[in-house]
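What you see is a predicted model, and the numbers here were worked out from it, not measured in a lab. Values below: all heavy atoms of this structure, side chains included; hydrogens, waters and symmetry mates excluded.
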Amino acid sequence: MGQPVVHFEIMGTDAKALRAFYSGLFDWRVDTDNPMDYGMVDRESNVNADGVGIGGGIGAMPGGEQGYVTVYIEVPDVEAALAKAESLGGTRLMGPEQPMEGLEIGLFADPEGHPVGVVKGM
């Protein structure tokens with residue numbers, strides 16, 4: 001059995017404008033009621049008629065860095081996934097980090113430079 005995509009992320013320099021754009025475009029409900037002002041897109045509130053969809057988030061990059069769009073794959077061990085990505089030709093970009101209790105994340109670039117996240121505890 002494979003490991004599922006469980007989260008998408010859209011990061012940029014103006015999180016408020018990005019949240020307004022995507023919520024207006026796709027009717028996403030975006031919740032920023034958290035200490036990081038990270039716009040959570042709840043899966044249950046944003047599915048099609050068959051119940052298909054994943055949750056995600058929209059936020060700002062620290063220090064005005066360039067943003068990205070990526071997906072997060074649920075893994076049993078973030079460090080092991082990052083190390084395996086590196087052994088297969090990827091580049092570690094971040095992590096493992098714990099942005100909040102019970103959540104561990106990492107980010108790598110695939111061999112063509114696409115950012116991909118790994119997460120445990122979603």
Restricting to side-chain hydrogen bond (donor to acceptor under 3.5 Å, both in side chains), what partner residues turn up for [X], sequence neighbours left out?
X     : answer
Tyr72 : Glu9
Glu79 : Arg92
Asp42 : Ser45

Sequence neighbours left out, what passes salt bridge (Lys or Arg N to Asp or Glu O under 4.0 Å) with Asp37? Give chain and number order.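 Salt bridge (Lys or Arg N to Asp or Glu O under 4.0 Å) list for Asp37, sorted by chain: Arg19.
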Sequence neighbours excluded, every pair satisfying ring pair (Phe, Tyr, Trp, His ring centres under 6.0 Å) that has a member inside residues 32-60: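 Of all non-adjacent pairs touching residues 32-60, none passes ring pair (Phe, Tyr, Trp, His ring centres under 6.0 Å).
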What pairs with Asp31 under side-chain contact (heavy atoms from CB on, under 4.5 Å), at least two apart in sequence or on another chain?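 Here the qualifying residues are Asp33.
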What residues form a side-chain contact (heavy atoms from CB on, under 4.5 Å) with Asn48, not counting sequence neighbours?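 Once residues adjacent in sequence are excluded, the partners of Asn48 under the side-chain contact (heavy atoms from CB on, under 4.5 Å) criterion are Asp50, Val52.
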Sub-3.5 Å donor-acceptor pair from the side chain of Arg29 to the main-chain atoms of Asn46, do we have one?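 Here the side-chain-to-backbone pair does not exist.
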Could you pull out the closest heavy-atom pair between [X] and [Y], with the gap in Å?
X     : Y     : value
Gly51 : Arg43 : O-NH2, 2.9 Å
His7  : Gly56 : CE1-C, 3.2 Å
Ala60 : Ala15 : N-CB, 3.5 Å

For the [atom1] atom of [X] and the [atom2] atom of [Y], what is their distance to the nearest 0.5 Å?
X     : Y     : atom1 : atom2 : answer
Thr13 : Met61 : OG1   : CE    : 10.0 Å
Thr91 : Glu86 : OG1   : CD    : 7.5 Å
Thr70 : Met11 : OG1   : CE    : 11.0 Å

Residues that, via side-chain heavy atoms closer than 4.5 angstrom, fall in one hydrophobic cluster with Leu88: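 Cluster partners of Leu88: none, it stands alone.
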Under a single-linkage rule joining Ile, Leu, Val, Met, Phe, Trp and Tyr whose side-chain heavy atoms are separated by less than 4.5 Å, which residues share a cluster with Val116?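 For the cluster that includes Val116, the remaining residues are Val5, Phe8, Ile10, Leu18, Phe21, Tyr22, Leu25, Phe26, Trp28, Val30, Val41, Ile54, Ile58, Val69, Val71, Ile73, Val75, Val78, Leu82, Phe108, Val118.
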State, with a plain yes or no, whether a side-chain heavy atom of Pro115 is found less than 4.5 Å away from one of Leu93.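 SC-SC contact between Pro115 and Leu93 confirmed.
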For a 4.5 angstrom cut-off between non-hydrogen side-chain atoms, does Met100 reach Pro35?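 Of all side-chain heavy-atom pairs linking Pro35 with Met100, none is under 4.5 Å.
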Pairs where residues 52-65 contributes a residue and the test side-chain hydrogen bond (donor to acceptor under 3.5 Å, both in side chains) is met, not counting sequence neighbours: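 Listed once each, the pairs would be none.
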Listed once per pair and sorted, the side-chain hydrogen bond (donor to acceptor under 3.5 Å, both in side chains) pairs that draw on residues 106-122, sequence neighbours left out: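 Found Asp110-His114.
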